[in-house]
Peer 1: 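One structure, pasted below without further comment.
Below, chains carry the letters A, B, ... as their sequence lines are ordered, and counting in each starts from 1. Source: prediction; values computed, not measured.
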Amino acid sequence: MSSDILAKGYEPQEVERRWYAYWEKEGLFAAEDVSDKKPYSIVIPPPNITGVLHMGHAHNNTLQDILCRFRRMQGYNVLWMPGTDHAGIATQNVVEAELAKEGKNRHSLGREEFVKRVWHWREEYGGLIIKQLKRLGASCDWERERFTMDDGLSAAVKTVFVKLYEEGLIYRGDYIINWCPRCQTALSDLEVEHEEHNGHLYYIRYPLENGKGAIVVATTRPETMLGDTAVAVNPNDERYRKLEGKIVILPIMNRPIPIIYDEYVETAFGTGALKITPAHDRNDFEIGLRHNLEAIKVIAEDGRMNDRAGRFQGEDRFECREHVVKALKKEGLIEKIERYQHSMGHCQRCRTTVEPYLSKQWFVKVKPLAEKAIAAVQTGSTRIIPETWTNTYFEWMNNIRDWCISRQIWWGHRIPAWTCETCGELIVATEPLQACPACKGTSLAQETDVLDTWFSSALWPFSTMGWPDEIQALKVFYPTSVLVTGFDILFFWVARMIMMGLHFMKEVPFRDVYIHALVRDAEGKKMSKSRGNVIDPLYVIDEFGTDAFRFTLAAFAAQGRDIKLSEERIEGYRHFINKLWNASRFSLVHLKDFQPDYFRKDAKHLSLADRWILSRLNGTTETVTRAIGEYKFNEAASALYQFVWHEFCDWYLEIIKSVLYRKNKVEAHGRTKTTKPGDYETTRFVLWSVLSEILRLLHPFIPFVTEEIWHKLPDTEGSIMKAEFPTTNPERHDAEAEASMELVMGITSGIRNIRGEMNVAPSLRADAVVHSPDKGVRGALNEHQDIIVNLANLKTLEVMAPGERPASCAASVVGESTIFVSLKDIMDFGAEQAHLAKEIAKIGKELEMVEKKLSNEDFLQKAPQEVVEGVRDKRQRLVEKKNKLEDQLSTVSQIAADV
RNA sequence: AGGCACGUAGCUCAGGGGGAGAGCGCUACCCUGACACGGUAGAAGUCGCGGGUUCAAAUCCCGCCGUGCCUACCA
C-alpha cells in the first residue's frame, strides 16, 4: 500500500473488521503439517457451545493470541488449535429449558429426537462464541476447528474407553456417588461445590431393644434415618463398652438394628454414636462394607422419598426431614436440637443440593494414571507456571479418588458397552457387536449412560490432532508447547489431560502450563450475573476497540494476581492506542516519498538522538522478548508503553522535529540553524526503522491498529503478521549515547523545572547558562545545545566553566552542572529563595541517611567494597550539590537584601 | 480444620537485601503545526503490625492481624 496519511482519529470498528477478514482470506492463521520451521502449538481450552464470551475467555484467549502471533513472527510454524466443548449437562439444561417453554420435555420427545434437537441447537447457536473470539482477534487455525462430539473425537473417546476398560482402569460398580436430583444424574466430586450452610444438629434417641434405656445419635439429616441399618460407636469409647452385641429399635420404622464398633467414629463429636445409612452417606457406605450391613435407599432419583420410606413416601427429602423430626418429637425421641453450621454440596450446574447416593456407575481407577502424572511434573517434563500451583497440583493428585465418569443424561458420548439380555454378559467395544461372545445371543442392550464431558476434554490435545489415527499433525505438534488456562480447571481438565496424554501418547500433552489469574470487577469481586457486576467483553470492544482491551488485559496480567478490571482502566489504554496512532500519523507525514533502500547503504551519520533511540529500542526489544518468553505479559506491555510514549514520543519525536520541519521549509519557532547535509534523510531512515520495529513489537498485543499503520508505512509488503519480530542487535547498544542523552535530558528537564517553579510564561523564550566543571560535559552540551534550546524553549544557551554568576536568574543543580535561567524583569527573589531552600532540604535529608551509613564502622568493614564506594561517591555528589545550592541561595539572598 | 496467595502513593498495581517506582487520579500552567484521548512541571508513601537474621530489611525468617481463594469423610 502507499504511504497514505492516516485519518485524524483511529476508528477501531471498521479497521478491525477489515483486517480480520483479510487475515482469514490470506490464510495467515494456518499451520503447516509439513514445514522446515520449528513447531509451536497451543490447543485452545474449548469453550462450551452454550457459552457467550466473558472476561475469562477474553483474557485467556488474548494471552494465547499474544503467544501465537509472537512465535509466528519469530518464524515458528504455529498451530493454535481451536474448537468447542459439547458441555453435556449445561447444554442439555439449555435445550430442556427451551422445550419446557413449548410445554414439552425430553421424555415426551424420546432420546433420539432429543439428541437431534440438541444438534440443531448446536448448529444454530453453538458457533456464537467462535464468532466472538474472532472479534477478539484470535488467530486460531479455524480450518482445523474441532468439536468434542464430532466423529473423530468420538472415535478417540471410544478407543480410550475400551482400552482403559481392557486394562482394568475402567470398571463398573455400586458406590456412593454425588447425585443431582434435579439434573437426575451422577456427578464427579469436582462437579460438586461446597458451601457453608446454617443447619441443625439433631440428637435422636434410639431405644434399646431390651427396653433398658437408649443410645443417642447426632445427625444433620434426620430423614436418612429411615434407611439406617446400624449405630456405630468407637471401640475405645468407655461409655459404650457395655453395649456390645446389643440391638436398638430404629424409631418410626421399628426395625431392629445392631450397635457396631468402628474406629472411624469420633468419640468427641456429638454423642460419640453415629447412625449408619450406607445408601446415603459415603462414610456410612464404607463402614457398611466393613460390617456387612444392608444398604437401604430411602430417597428416589428425583429427591423424593421412595417406597422404603414408609409413610413418608412421595415427600421431598427436605419436607420429609421436618415430618420425621415432628414424628420423633411426638414420640419424645428428640433429645435436643442445636444450631450447626456445616458445608453442603451443590450441583455446579443448577445449585441443587447434591445427594450422596448409592448407585451403579462407571469409574476410572485414577491412582495408576495419577502417579505418572505426578512424576511428569516432578521431573519437569511439564512445567507449571507460576510454580506455586505445583503444590496445589501435587496436593490434589496425591489424594485423588476414583473418577465417576457415567452421567444419566442424553447429550454426550454414549458409553460403548452392551449387556447381553440373554446371559447378562457385559460387552465393551468400540463398535456394536452382532452377537454376544459368551452365549451368541443377539439381544444386546446398549448402556444408556453417557460420559462425563471432561472425559472427552481430557483427550483434547491429541484427539483434535487426529488420534487414534497416525496423523502428520500429531507428529509435528504433539506435545504442544504450552497450555494457557485458569486455575479453576486445573483439576477438571489439566490434570486429566496429563494423565490421558501420558497413558495414550506416552508423552506429556504440553511442555508448559501457564496458569493465569481471574478477571474480577473493580472491587475485586468475582464477576457474576447475579451480582450484576459483569463487564461484557463485546461491549468493551465496541466502546474502546479490541486493541485497547487486549493491551489492558496484558498490562494487568501479573503472575499470581487477579485482574481488577474497570472501564476506566481500559479507557486509559485506549489513550495509548491513540498515542501510537498519532505518533504514526506524524511520522508518516514526514516519511512521504521515503525510499529506505537508498539510505540503508548510507545511514551513517547518526545523530545523538538517533543513536539513543536505537539503543533504547534494542533494550526494549530484549525486555519484551524475554518477558513474553517467561509469560510475563505485564512486563512486556509496560516496557512497550514506556518506550513508545516516554522515549519515542516525548523525546525522540520532539527532538527530530527541528530537522524534519526545516527540510520541509517550515522554520521551527522561526529559527534557522544549520545542520549537516544528509541529516534529514538519516533522520527519516531512523524514524522509519524505529516505527517499523515498534509496530512489530506491539503487533502480538494490539494486532489491528499495528496492521493498519503497517500498510501505510513505506517499504512494507503484505501483512505485519508475516514480518519478522525484531531481534536484539549488540551493535545498536550504545552506552555512550544513552549517557549523553541522559545528560541532555537532565539539563532540559532542569531548565523546564526552573521555568515551572518560577512561573516563566511558556511562550517566553528565555536565556540560559550552564556552568559545568567537566570539559567533556561542556563539549557534549555544546554539541547538542540545539536539542536543549528547542525543548526547553530557550533563546540562547551558553555553556561554560564555572565562573561568575549571571545576573537576575534562578538556579538549579543537575549532576555537576549548575543551570541558570535568566529572568530579568520577572525575577522574583522570594520565589527563588523558596525554590532553592526546598531543593536544599531535599538533599539534606538524603545526605543525612548517607552520613549515618558511613559513620557505621560495621558497614565500612563488612559491606562489599563497591557498595561502600558507591555510598561515598553519593555523599560526595550530594555535598557538592548542596554546596552549590547554598551558594546560590546566599547570593540570591544577598541580591534580595540589596534590592 | 488444613493449605495457598495477597496487604507498597487517594485508586490499581510493578519491584523483591544496599538510591521507594509506574499507570490512573490530584494541583498549577499551556489549544506550540501528530495527539487536550495532548504537553510541561509539581504534591503525595514509618512498603499491614510485632519480633528475629544481617554491617544493611519494603525485600529473607517467625508470629499476629486483615483480605481473597482452594482443598476436607467429624456425622
Side-chain angles (χ1 to χ4, degrees), chain A residues 5-6 8-10 176 194 201 217-221 224 232 264-266 268-271 273-277 281-286 340 342-343 356 386 388-389 391-392 395-396 399 487-488 490-491 517-518 520 522 524-526 548 555-556 558 560-566 568-569 571-590 632 634-635 638 641-642 646 649-650 653-654 657 661 664 666 668-669 749 752-757 759-763 791-793 846 849-850 853 856-864 866-868 870-871 874:
Chain A
I5 306 312
L6 294 183
K8 170 111 181 157
Y10 173 57
I176 294 276
H194 294 270
L201 191 58
V217 299
T219 180
T220 54
R221 304 197 57 198
T224 62
Y264 168 78
V265 183
E266 297 275 340
F269 189 90
T271 60
L274 174 64
K275 66 189 249 349
I276 302 297
T277 323
D281 183 282
R282 191 188 301 274
N283 301 306
D284 290 7
F285 176 75
E286 277 160 25
Y340 185 66
H342 61 115
S343 79
T388 169
W389 287 105
N391 291 331
T392 313
E395 178 67 21
W396 189 70
N399 298 304
F487 61 82
D488 47 335
L490 180 61
F491 306 139
L518 241 54
R520 298 170 177 282
K525 296 206 178 68
K526 213 167 170 169
F556 281 108
R561 197 189 277 259
D562 288 344
I563 297 178
K564 292 185 195 169
L565 200 67
S566 68
E568 235 182 5
R569 279 160 211 161
E571 199 181 350
Y573 285 100
R574 184 181 60 179
H575 296 169
F576 175 68
I577 305 297
N578 193 252
K579 188 73 178 176
L580 174 70
W581 179 262
N582 277 291
S584 303
R585 191 163 163 252
F586 169 82
S587 304
L588 292 174
V589 167
H590 292 285
K632 292 181 176 171
N634 61 318
E635 280 182 26
S638 58
Y641 185 100
Q642 167 68 25
H646 298 303
C649 291
D650 287 353
L653 291 186
E654 292 304 324
K657 272 179 183 173
Y661 278 125
N664 279 349
V666 178
H669 305 294
S749 298
R752 285 167 169 176
N753 173 280
I754 295 174
R755 297 182 61 122
E757 294 278 316
N759 293 315
V760 177
S763 55
L791 298 192
N793 195 25
E846 267 189 86
M849 303 227 315
V850 171
K853 230 175 208 178
N856 183 343
E857 271 304 313
D858 284 329
F859 172 70
L860 297 177
Q861 275 176 22
K862 294 183 186 169
E866 63 266 28
V867 173
V868 177
V871 177
K874 190 179 176 188

Peer 1: When all nucleic acid strands are considered with a 4.0 Å heavy-atom cut-off, which category describes T220(A): base, sugar-phosphate, or nothing?
Peer 2: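 Contact class for T220(A): sugar-phosphate only.
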
Peer 1: Counting side-chain heavy atoms from CB outward, which of rC24(B), rA72(B), rA75(B) is closest to Y641(A)?
Peer 2: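 Selected nucleotide (nearest to the side chain): rC24(B).
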
Peer 1: Is there side-chain contact between Y10(A) and N582(A), with heavy atoms separated by less than 4.5 Å?
Peer 2: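 Not in contact.
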
Peer 1: Tell me: CG of N759(A) to C1' of rG42(B), nearest whole Å?
Peer 2: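 So the two atoms are 11 Å apart, to the nearest Å.
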
Peer 1: NA contact type, N399(A), heavy-atom cut-off 4.0 Å: base, sugar-phosphate, or nothing?
Peer 2: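 Counting heavy atoms under 4.0 Å across all strands, no contact is made by N399(A).
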
Peer 1: Mind checking who rG38(B) pairs with, Watson-Crick or G-U wobble, both distances under 3.5 Å?
Peer 2: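 Pairing partner, where one exists within any strand: rC30(B).
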
Peer 1: What is the pairing partner of rC24(B), taking Watson-Crick or G-U wobble pairs with both distances under 3.5 Å in any strand?
Peer 2: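 By the stated definition (distances under 3.5 Å), rG10(B) pairs with rC24(B).
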
Peer 1: Rounded to the nearest Å, what distance is computed from the CG atom of residue N634(A) to the C1' atom of nucleotide rG15(B)?
Peer 2: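 Interatomic distance, CG of N634(A) to C1' of rG15(B): 11 Å.
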
Peer 1: Would you classify N391(A) as touching base, sugar-phosphate or nothing, given that sugar-phosphate means primed atoms plus P, OP1 and OP2, and contacts are heavy atoms under 4.0 Å?
Peer 2: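 Since no nucleic acid heavy atom lies under 4.0 Å of N391(A), the category is nothing.
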
Peer 1: Would you call the rings of F269(A) and Y340(A) parallel, tilted or perpendicular, where under 30° means parallel and over 60° means perpendicular?
Peer 2: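 Correct class here is perpendicular.
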
Peer 1: With a 4.5 Å limit on heavy-atom distance, are the side chains of L274(A) and Y264(A) in contact?
Peer 2: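 Counting from C-beta outward, L274(A) and Y264(A) do come under 4.5 Å.
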
Peer 1: Can you tell me if H194(A) touches the phosphate of rC70(B), counting only side-chain N or O atoms and a distance under 4.0 Å to OP1 or OP2?
Peer 2: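 For rC70(B), neither OP1 nor OP2 has a side-chain N or O of H194(A) closer than 4.0 Å.
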
Peer 1: Mind checking if K579(A) touches a base, just sugar-phosphate, or nothing, with heavy atoms under 4.0 Å?
Peer 2: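 Touches a base.
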
Peer 1: Looking for any heavy atom pair under 4.0 Å, which part of the strands does E395(A) touch: base, sugar-phosphate only, or nothing?
Peer 2: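 Since no nucleic acid heavy atom lies under 4.0 Å of E395(A), the category is nothing.
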
Peer 1: Quick one: are N793(A) and R755(A) in side-chain contact, heavy atoms under 4.5 Å?
Peer 2: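 Yes. Closest side-chain heavy atoms under 4.5 Å.
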
Peer 1: Quick check for you: among rU40(B), rU71(B), rC29(B), whose closest atom lies nearest to any side-chain atom of P762(A)?
Peer 2: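 Between rU40(B), rU71(B), rC29(B), the one nearest the side chain of P762(A) would be rC29(B).
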
Peer 1: In terms of side-chain heavy atoms of E846(A), which of rC55(B), rG19(B), rA20(B) is nearest?
Peer 2: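 Shortest atom-to-atom distance from the side chain points to rG19(B).
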
Peer 1: Using purine N1 to pyrimidine N3 plus N6-O4 or O6-N4 for Watson-Crick, or N1-O2 and O6-N3 for G-U wobble, each under 3.5 Å, what pairs with rG63(B)?
Peer 2: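 Pairing partner, where one exists within any strand: rC49(B).
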
Peer 1: Contact class for K853(A) (heavy atom, under 4.0 Å): base, sugar-phosphate, or nothing?
Peer 2: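 Touches sugar-phosphate only.
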
Peer 1: Under 4.0 Å, counting only non-hydrogen atoms across every strand here, what does V850(A) touch: a base, just sugar-phosphate, or nothing?
Peer 2: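 It contacts nothing in the nucleic acid.
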
Peer 1: Looking only at side-chain atoms of E266(A), point me to the closest of rC74(B), rG18(B), rA20(B).
Peer 2: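 Selected nucleotide (nearest to the side chain): rC74(B).
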
Peer 1: When we call it a touch if two heavy atoms are under 4.0 Å apart, what does Y10(A) touch: a base, just sugar-phosphate, or nothing?
Peer 2: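 The residue Y10(A) makes no contact with any strand.
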
Peer 1: Say you pick atom C1' in rG48(B) and the same atom in rG38(B); how far apart are they, in whole Å?
Peer 2: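 Nearest-Å result for rG48(B) against rG38(B) at atom C1': 39 Å.
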
Peer 1: So, taking the atom named NE2 in H590(A) and the one named NZ in K657(A), what distance separates them when rounded to the nearest 0.5 Å?
Peer 2: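 Output value for this atom pair is 8.0 Å.
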
Peer 1: Going by purine N1 to pyrimidine N3 plus the second Watson-Crick contact, or the G-U wobble pair, all under 3.5 Å, which nucleotide sits opposite rG19(B)?
Peer 2: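 In the structure as shown, rG19(B) has no Watson-Crick or wobble partner.
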
Peer 1: Output the single nucleotide from rU40(B), rC55(B), rA75(B) whose closest atom is nearest the side chain of D650(A).
Peer 2: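 The listed nucleotide nearest to D650(A)'s side chain is rU40(B).
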
Peer 1: Return the value, rounded to whole Å, for the distance between atom NE2 of H575(A) and atom C1' of rC35(B).
Peer 2: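 Roughly 11 Å, once rounded to whole Å.
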
Peer 1: Which is true for F285(A) with a 4.0 Å heavy-atom rule: it touches a base, it touches only sugar-phosphate, or it touches nothing?
Peer 2: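 Counting heavy atoms under 4.0 Å across all strands, no contact is made by F285(A).
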
Peer 1: Would you indicate which nucleotide in rG23(B), rC73(B), rG38(B) comes nearest to any side-chain atom of Y264(A)?
Peer 2: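 Of rG23(B), rC73(B), rG38(B), rC73(B) is nearest to the side chain of Y264(A).
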
Peer 1: Would you kindly give the CD1-to-C1' distance between I754(A) and rU40(B), to the nearest whole Å?
Peer 2: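 It is 14 Å, rounded to the nearest whole Å.
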
Peer 1: Return the 5'-most residue of the pair E757(A), H342(A) with respect to RNA chain B, ranking by each residue's nearest nucleotide.
Peer 2: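 Between the two, 5'-proximity favours E757(A).
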
Peer 1: Identify which nucleotide among rG18(B), rG42(B), rC37(B) has an atom closest to any side-chain atom of N578(A), counting heavy atoms from C-beta outward.
Peer 2: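 It is rC37(B).
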
Peer 1: Heavy-atom distance under 4.5 Å between the side chains of S584(A) and L580(A), does that happen here?
Peer 2: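 Yes. Closest side-chain heavy atoms under 4.5 Å.
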
Peer 1: If you pin F586(A) and D858(A) to their nearest nucleotides in RNA chain B, which one's is more 5'?
Peer 2: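 Going by which nucleotide is closer to the 5' end, it is F586(A).
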
Peer 1: Any side-chain heavy atom of R752(A) sitting closer than 4.5 Å to one from L791(A)?
Peer 2: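 Result yes, sub-4.5 Å side-chain heavy-atom pair found.
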
Peer 1: Given that both distances must come in under 3.5 Å, which nucleotide forms a Watson-Crick or G-U wobble pair with rA1(B)?
Peer 2: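 Partner of rA1(B): rU71(B).
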
Peer 1: In whole angstrom, what separates N793(A)'s CG from rG33(B)'s C1'?
Peer 2: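 Checked: the CG to C1' distance equals 15 Å.
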
Peer 1: Could you tell me if the side chain of F859(A) sits less than 4.5 Å from the side chain of V871(A), heavy atoms only?
Peer 2: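 Result yes, sub-4.5 Å side-chain heavy-atom pair found.
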
Peer 1: Between rU59(B) and rG16(B), how far is it from one C1' atom to the other, in whole Å?
Peer 2: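 Pairwise C1' distance, rU59(B) against rG16(B), rounds to 5 Å.
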
Peer 1: Is any side-chain nitrogen or oxygen of N753(A) closer than 4.0 Å to OP1 or OP2 of rG42(B)?
Peer 2: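 Yes, such a contact exists.
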
Peer 1: The side chain of N582(A) is closest to which nucleotide in this list: rC74(B), rG23(B), rC35(B)?
Peer 2: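 Given the options rC74(B), rG23(B), rC35(B), the side chain of N582(A) is closest to rC35(B).
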
Peer 1: Of the nucleotides rG19(B), rC73(B), rU12(B), which one has an atom closest to the side chain of R569(A)?
Peer 2: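 The answer is rU12(B), which lies nearest to the side chain.
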
Peer 1: Closest approach to the side chain of R752(A), judged atom by atom: which nucleotide of rG23(B), rU40(B), rG39(B) is it?
Peer 2: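 The listed nucleotide nearest to R752(A)'s side chain is rU40(B).
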
